[in-house]
Amino acid sequence: QVRLLESGGGLVQAGESLRLSCTVSGRTVRFYVMAWFRQAPGKEREFVAGINAGDETTLYGRSVKGRFTIARHKTENIVHLQMNSLEPDDSAVYYCASPESSFAPIKVTPDSYQHWGQGTQVTVSS
């Protein structure tokens, strides 16, 4: 059974950094696309970042490009999201996601992902 568990959320001030972690069990992360989405109250779930299986190609949402970095841990079954220069608009619940099929391409729509974590809250104060 595939399980995704996010951690690392919290309350920070604008301009500060946070690192989120997604610990995965039931599959080897390097064979699957791993992605981060976020959802703020009253808004749709938004693609934040994704990393390809195998070649480590990454893709970022327009609002976070240049500030956030997604990466796989080199030895553990963990995917990180390093978030720098945080802004109040980054406040949301952040979710880790992965598709059912191995080596599928990165997709930016939530319905392309079948496995989700429970989410971790990130709050950025101004």
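- Between the Gln39 side chain and the Ala92 main chain, no donor and acceptor come within less than 3.5 Å of each other.
- With hydrogens and angles disregarded, no donor-acceptor distance shorter than 3.5 Å links the side chain of Asn77 to the backbone of Ser25.
- Side-chain atoms of Arg45 never come within 3.5 Å of backbone atoms of Pro110 as a donor-acceptor pair (strictly under, hydrogens ignored).
- No option in Asn52, Thr58, Ile51 other than Asn52 meets the side chain to side chain contact (heavy atoms under 4.5 Å, CB included) test with Ile106.
- Note: the hydrophobic cluster containing Tyr32 also contains Phe103 (ILVMFWY, side chain heavy atoms under 4.5 Å, direct or indirect links).
- Closest of all the heavy-atom pairs between Leu86 and Leu18 is CD1-N, 3.8 Å.
- Aromatic ring centres of Phe37 and Tyr113: separated by under 6.0 Å.
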Item to complete: Check the pair Glu76 / Ser21 against side-chain contact (heavy atoms from CB on, under 4.5 Å), numbers first and verdict last.
Response: CA-CA 11 Å; Glu76 302 293 332; Ser21 298; over 6 Å; no

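- Taking the six-membered ring where the residue is Trp, His80 and His73 present tilted rings, their angle falling between 30° and 60°.
- Looking at Pro99 and Lys107, their side chains never come closer than 4.5 Å, going by heavy atoms from C-beta outward.
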Worksheet item: When you look at Cys96 and Trp116, which way does the side-chain contact (heavy atoms from CB on, under 4.5 Å) test go after all the steps?
Response: CA-CA 6 Å; Cys96 180; Trp116 292 85; over 6 Å; no

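- Summarising the geometry of Met34 relative to Cys22, their closest heavy-atom pair is CE-SG, 4.1 Å, with the distance given to 0.1 Å.
- No continuous path of hydrophobic side-chain contacts links Val79 to Val33 [ILVMFWY only; heavy atoms under 4.5 Å].
- Across all their heavy atoms, Phe47 and Val108 have their closest contact at CB-O, 3.4 Å.
- Proximity of Met83 to Tyr94: side-chain heavy atoms (C-beta onward) are separated by under 4.5 Å at one or more points.
- Atom CD in Glu56 sits 10.0 Å away from atom CZ in Arg30 (nearest 0.5 Å).
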